Engineer: 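Below you'll find the structure I mean.
All values below come from the heavy atoms of this structure, side chains included, with hydrogens, waters and symmetry mates left out. Every value quoted in this text rests on a predicted model; they were computed, and no experiment measured them.
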Amino acid sequence: MLGASSDHLLLDVQDADPRPTVGDRVAFRMNYGAMLLAMTSEYVEKAPMHDVADFSGRKMVSISAEPEAGGIIAREGTGARLEAMNFDVVELADVERPPSGLVRLAAGADRRIAHKALTATARATHSFGLIWIDSLAALMPEDEEAEDMPEVSVLARALGLDHKPGALQPQLSPENVVIVGLRHADPAEARVLKDSRVSAFTMTDIDAMGMRDLMHEAIRIATSGTQGFHVSYSPTATEFTGWAAGSGGLTVRETHQAMEAISLSGGLLSMDVSGLTAGLEPRIGADAVNFVMSAFGKRIL
């Protein structure tokens, strides 16, 4: 070793056998000192690697839906469409011991379905990330005397930020949580977000970075040191023509692009879709299910 700088290493390979050529990789066996420097350096990213169960069978998905959301899921033929994509749609005999390779899909009327879905994922794995695609962060501080969990505080409860029962740590860590498409944040909620170590990408960030690069970064954060990630999607994240709740949000194409990136990553463990109520316009419910299909791997060709 002749010398090194922050981004270059000079090696004498004159006597190497075989002699390396351009494009070859050169491997090193680190001694204790080198390992210590690497593990304590702020410039070296550390990502723990966990054992992953070998799964080579058919893909399986379980679908659970609250009554109102269930009508939309059934109307759009969600189960049949997943089966056409080579998934086995199964009912769990033992929810505490799901089979290897299972992906869970949950649907509900509001964001509280996300906490139920996240709780199920926390039971099934020892570490997972979260990609929260929503116009809201759901980190609003709760009233100390309130017993029921407000919809706007779901993520705060899951991360244990409100110090109430329902926290999903250590399985879900704030460092592995990414919010995509944020448009609204109360000042109190913004303070919680800044102190929480949760990563948040606003619509301004999406405009600047583009959805492809942003999702690449979001998936990197959610999968760093985890077994995979959960996706939580609210239709309010997406702008649909004539629908005020999604005004200023992601385009339909951007939403599909985000879901396609999720599918290609291979890290999807579970997913929930909120906001599927009986009063939701059919076209929006249909598009929400179409986004689910993209996340599960539907392609044009």
Engineer: Between Trp132 and Ala138, what is the shortest heavy-atom contact and its length?
Structural biologist: CZ2-CB, 3.6 Å

Engineer: Determine, using the 4.5 Å side-chain heavy-atom cutoff (strictly less than), whether Met203 and Leu136 are members of one ILVMFWY cluster.
Structural biologist: no

Engineer: Taking atom CG of Leu130 and atom CD of Gln171, what is their separation to the nearest 0.5 Å?
Structural biologist: 13.5 Å

Engineer: Taking C-beta and beyond as the side chain, do His126 and Gln227 meet within less than 4.5 Å on heavy atoms?
Structural biologist: yes

Engineer: Can you tell me how far apart CG (Leu250) and CD (Glu239) are? Round to the nearest 0.5 Å.
Structural biologist: 9.5 Å

Engineer: For the backbone of Glu254 and the side chain of Thr251, can you confirm whether one donor and one acceptor N or O come within less than 3.5 Å of each other?
Structural biologist: yes

Engineer: Side chains of Thr255 and Tyr233: do they bring a donor and an acceptor to under 3.5 Å?
Structural biologist: no

Engineer: Inspect the contact between Glu260 and Arg253 and indicate whether a charged nitrogen and a carboxylate oxygen are less than 4.0 angstrom apart.
Structural biologist: yes

Engineer: With sequence neighbours left out, which residue pairs that include part of residues 185-205 fulfil the salt bridge (Lys or Arg N to Asp or Glu O under 4.0 Å) condition?
Structural biologist: Glu175-Arg197

Engineer: Are Ile131 and Phe291 connected, step by step, through hydrophobic side chains (Ile, Leu, Val, Met, Phe, Trp, Tyr) whose heavy atoms are closer than 4.5 Å?
Structural biologist: yes

Engineer: Taking Met85 as the starting point, is it possible to reach Val89 by hopping between hydrophobic residues whose side chains are less than 4.5 Å apart?
Structural biologist: yes

Engineer: Taking atom types as modelled, find out whether Ser127 and Thr226 have a side-chain donor-acceptor pair closer than 3.5 angstrom.
Structural biologist: no

Engineer: By the salt bridge (Lys or Arg N to Asp or Glu O under 4.0 Å) test, which pairs, at least two apart or in different chains, include something from residues 7-35?
Structural biologist: none

Engineer: Does CZ in Phe28 sit with more than 12 non-hydrogen atoms of other residues, nucleotides or ligands closer than 6.0 Å?
Structural biologist: yes

Engineer: With the side chain counted from C-beta on, respond yes when Thr238 and Val252 share a heavy-atom pair under 4.5 Å apart, and no when they do not.
Structural biologist: yes

Engineer: Taking NZ, NE, NH1 and NH2 as the nitrogens, is one of them in Glu151 or Arg111 under 4.0 Å from a carboxylate oxygen of the other?
Structural biologist: yes

Engineer: Checking Thr121 side chain against Ser270 main chain: does a donor-acceptor pair fall under 3.5 Å?
Structural biologist: no

Engineer: Does Glu66 form a salt bridge (charged side-chain N to carboxylate O under 4.0 Å, His left out) with Lys116? I'd like the steps, not just the answer.
Structural biologist: CA-CA 11 Å; Glu66 295 174 347; Lys116 296 177 183 177; 3.3 Å; yes

Engineer: Do Met259 and Ile133 come within less than 4.5 Å of each other through their side chains, counting heavy atoms only?
Structural biologist: yes

Engineer: Is there a side-chain contact between Lys59 and Phe87 in this structure, where contact means two heavy atoms from C-beta onward sitting under 4.5 Å apart?
Structural biologist: yes

Engineer: Before you tell me yes or no, could you show the steps for Ser232 and Asp134 under side-chain hydrogen bond (donor to acceptor under 3.5 Å, both in side chains), namely the whole-Å CA-CA distance, both residues' side-chain angles and the distance that decides it to 0.1 Å?
Structural biologist: CA-CA 8 Å; Ser232 184; Asp134 201 335; 5.9 Å; no

Engineer: Just so I know, are the side chains of Pro282 and Arg75 near enough to count as touching, which here means a heavy-atom distance under 4.5 Å?
Structural biologist: yes

Engineer: Indicate yes or no for a side-chain donor-acceptor contact from Ser265 to the backbone of Ile262 under 3.5 Å, with no hydrogens or angles considered.
Structural biologist: yes

Engineer: Regarding His184 and Ser135, do their side chains bring together a donor and an acceptor under 3.5 Å, going by distance alone?
Structural biologist: no

Engineer: Answer whether the closest heavy-atom distance between the side chains of Phe229 and Leu269 falls below 4.5 Å.
Structural biologist: no

Engineer: State, with a plain yes or no, whether a side-chain heavy atom of Phe296 is found less than 4.5 Å away from one of Met271.
Structural biologist: yes

Engineer: Counting only N and O atoms by type, is there a donor-acceptor contact under 3.5 Å from the side chain of Ser5 to the main-chain atoms of His8?
Structural biologist: yes

Engineer: side-chain contact (heavy atoms from CB on, under 4.5 Å) with Ala117: which residues, sequence neighbours excluded?
Structural biologist: Ala106, His230, Asp272

Engineer: For the atom pair CG (Asp88) and CG (Leu82), what is the distance rounded to the nearest 0.5 Å?
Structural biologist: 11.0 Å

Engineer: Under a 3.5 Å distance rule, please check whether Thr236 uses its side chain to pair with a backbone N or O of Ala245 as donor and acceptor.
Structural biologist: no

Engineer: Apply side chain to side chain contact (heavy atoms under 4.5 Å, CB included) to Leu172 and Leu159, showing your working.
Structural biologist: CA-CA 7 Å; Leu172 179 63; Leu159 294 176; 3.9 Å; yes

Engineer: Quick one: pull up CG in Leu280 and CG in Asp287 and give me the separation to the nearest 0.5 Å.
Structural biologist: 10.0 Å

Engineer: Going through the checks in order, is the side chain to side chain contact (heavy atoms under 4.5 Å, CB included) test met by Ser153 and Leu139?
Structural biologist: CA-CA 5 Å; Ser153 303; Leu139 289 170; over 6 Å; no

Engineer: Hey, any chance Leu11 and Leu2 share a hydrophobic cluster, counting ILVMFWY side chains that come within less than 4.5 Å of each other, even indirectly?
Structural biologist: no

Engineer: Any donor-acceptor pair under 3.5 Å linking the side chain of Glu83 with the backbone of Ala80?
Structural biologist: no

Engineer: Side chain of Ser41, backbone of Leu37: donor and acceptor closer than 3.5 Å?
Structural biologist: no

Engineer: Could you tell me which non-hydrogen atom of Arg81 sits nearest to which non-hydrogen atom of Glu76, and how far apart they are?
Structural biologist: CD-O, 3.2 Å

Engineer: Look up atom CG in Leu182 and atom CG in Leu193, then write down how far apart they are to the nearest 0.5 Å.
Structural biologist: 7.0 Å

Engineer: If we ignore hydrogens and angles and just use 3.5 Å, is the side chain of Arg112 paired with the main-chain N or O of Met149 as donor and acceptor?
Structural biologist: yes

Engineer: Keeping the roles fixed (side chain from Thr119, backbone from His115), state whether a donor-acceptor pair exists under 3.5 Å.
Structural biologist: yes

Engineer: Looking at every heavy atom in both Val177 and Val198, which two are closest together, and how far apart are they?
Structural biologist: O-CG1, 3.7 Å

Engineer: Of all heavy-atom pairs between Leu214 and Ile206, which one has the smallest distance, and what is that distance?
Structural biologist: CD1-CG1, 3.4 Å

Engineer: Given the rule that I, L, V, M, F, W and Y join up when any side-chain heavy atoms are under 4.5 Å apart, are Leu155 and Phe201 in one cluster?
Structural biologist: no

Engineer: How close do Ala288 and Val273 get, heavy atom to heavy atom, and via which atoms?
Structural biologist: CB-CG1, 4.4 Å

Engineer: Nearest heavy-atom pair of Ala158 and Leu118: which atoms, and what distance?
Structural biologist: CB-CD1, 4.2 Å

Engineer: Going by heavy atoms in the side chains, are Lys298 and His256 under 4.5 Å from each other?
Structural biologist: no

Engineer: Do other residues, nucleotides or ligands put more than 12 heavy atoms under 6.0 Å from Arg212 CZ?
Structural biologist: no

Engineer: Atom CD of Glu91 and atom OG of Ser64: how far apart are they, to the nearest 0.5 Å?
Structural biologist: 11.0 Å

